[in-house]
Amino acid sequence: MPFDIFLLVIVSILVVGAILFFLTGFIIVKKNHIAIIEKAGQFEGIYESGWHYFRPLLYRRAGMYKKGEAQIKLEINKINYLLTYEILDVKKFHYEGNHDFLGIVKASLKEDKTKISDYLINRFNLVGVRFIKLEKIKK
């Protein structure tokens, strides 16, 4: 009798573990977002919004990014800025972009003030991003 209970406990633990392992492969990509999926560390594909399943351990979500226009607040020299941008090439942005918006904007502010937009457009194009605008936030 005790062996039957022990066996039942072990089987129950294995079944619950298998179910939990299976569920770790589900990914929910939020509306207006895109997920980068990798297989064994290499780019596998892009998932649009919705529910998706991939095999755990072999595949993983490497990044999730907003589709369309996005905004980020930056503080540079105690001045607040609002950067508006759009990621056009998610794969390029994920693998080649350094995601350092603050550094890019800081470097652009050191350039010729009349050419800030041109500098930002060119720099963001290199990482798959469309620069829209940069504006100071009034306190």
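Both backbone and side-chain heavy atoms feed into the values below; hydrogens, waters and symmetry mates do not. For this chain, numbers begin at 1 and follow the sequence in order. As the structure is a computational prediction, the values presented were derived from the model and not from experiment.
Criterion: ILVMFWY side-chain heavy atoms under 4.5 Å apart, direct or through other members. Under it, Val129 and Leu126 are not part of a common hydrophobic cluster. Leu88 and Phe101 are not part of a single hydrophobic cluster, where members link through side-chain heavy atoms under 4.5 Å apart.
Taking Leu102 as the reference, Leu74, Ile76, Asp100, Lys106 meet the side chain to side chain contact (heavy atoms under 4.5 Å, CB included) condition, with sequence neighbours excluded. Considering only residues two or more places apart in sequence or on other chains, His52 meets the side chain to side chain donor-acceptor pair (under 3.5 Å) condition with none of them. Applying the side chain to side chain contact (heavy atoms under 4.5 Å, CB included) rule to Asp89 yields the partners Lys91, Lys92; only residues at least two apart in sequence or on another chain are considered. For Ile19, the side chain to side chain contact (heavy atoms under 4.5 Å, CB included) partners two or more places apart in sequence, or in a different chain, are Val15, Leu23. Judged as a salt bridge (charged side-chain N to carboxylate O under 4.0 Å, His left out), and not counting sequence neighbours, the contacts of Glu48 are Lys67. Looking at residues two or more places apart in sequence or on another chain, you find a side chain to side chain donor-acceptor pair (under 3.5 Å) between Gln71 and Thr84. Taking Phe26 as the reference, Phe22, Tyr53 meet the ring pair (Phe, Tyr, Trp, His ring centres under 6.0 Å) condition, with sequence neighbours excluded. Scored by the side chain to side chain contact (heavy atoms under 4.5 Å, CB included) test, Leu8 finds Ser12 as partners (sequence neighbours excluded).
Atom OH of residue Tyr119 and atom CD1 of residue Ile104 lie 7.5 Å apart, to the nearest 0.5 angstrom. A distance of 8.0 Å separates CG in Leu134 from CG in Leu82, rounded to the nearest 0.5 Å. Between the CD1 atom in Ile34 and the NE2 atom in His94 there is a gap of 13.0 Å [rounded to 0.5 Å].
Phe21 belongs to a hydrophobic cluster whose remaining members, ordered by chain and number, are Leu57; membership requires side-chain heavy atoms of ILVMFWY residues under 4.5 Å apart, directly or through intermediates. Hydrophobic cluster membership for Tyr47: Ile27, Val29, Ile37, Phe54, Leu58, Tyr59, Met64 (Ile, Leu, Val, Met, Phe, Trp, Tyr linked by side-chain heavy atoms under 4.5 Å, directly or transitively).
The 12-atom threshold is exceeded at CD of Glu75, counting heavy atoms of other residues, nucleotides or ligands nearer than 6.0 Å.
Of all heavy-atom pairs between Ile72 and Tyr85, the closest is CG2-CE2, 4.0 Å. Residues Ser49 and Asn32 come closest through the heavy atom pair CB-N, 4.2 Å. The shortest non-hydrogen separation linking Glu69 to Ile132 is CG-CD1, 3.3 Å.
Applying the salt bridge (charged side-chain N to carboxylate O under 4.0 Å, His left out) definition to pairs two or more places apart or across chains, those involving residues 126-135 are Glu86-Arg130, Lys133-Glu135. Judged as a salt bridge (charged side-chain N to carboxylate O under 4.0 Å, His left out), the pairs with a partner in residues 32-46 (not counting sequence neighbours) are, in order, Glu38-Arg60.
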Test log, rule side-chain contact (heavy atoms from CB on, under 4.5 Å), inputs Leu83 and Phe131: CA-CA 8 Å; Leu83 172 66; Phe131 167 73; 3.7 Å; yes
Any chance you could lay out the side-chain contact (heavy atoms from CB on, under 4.5 Å) test for Val90 and Ile36, step after step, and finish with the verdict? CA-CA 8 Å; Val90 177; Ile36 297 279; 3.5 Å; yes
Criterion side-chain contact (heavy atoms from CB on, under 4.5 Å) on Tyr81 and Ile137, from CA distance to verdict: CA-CA 5 Å; Tyr81 293 92; Ile137 300 174; 5.7 Å; no
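If you check the side chains of Tyr65 and His33, you find no donor sitting under 3.5 Å from an acceptor.
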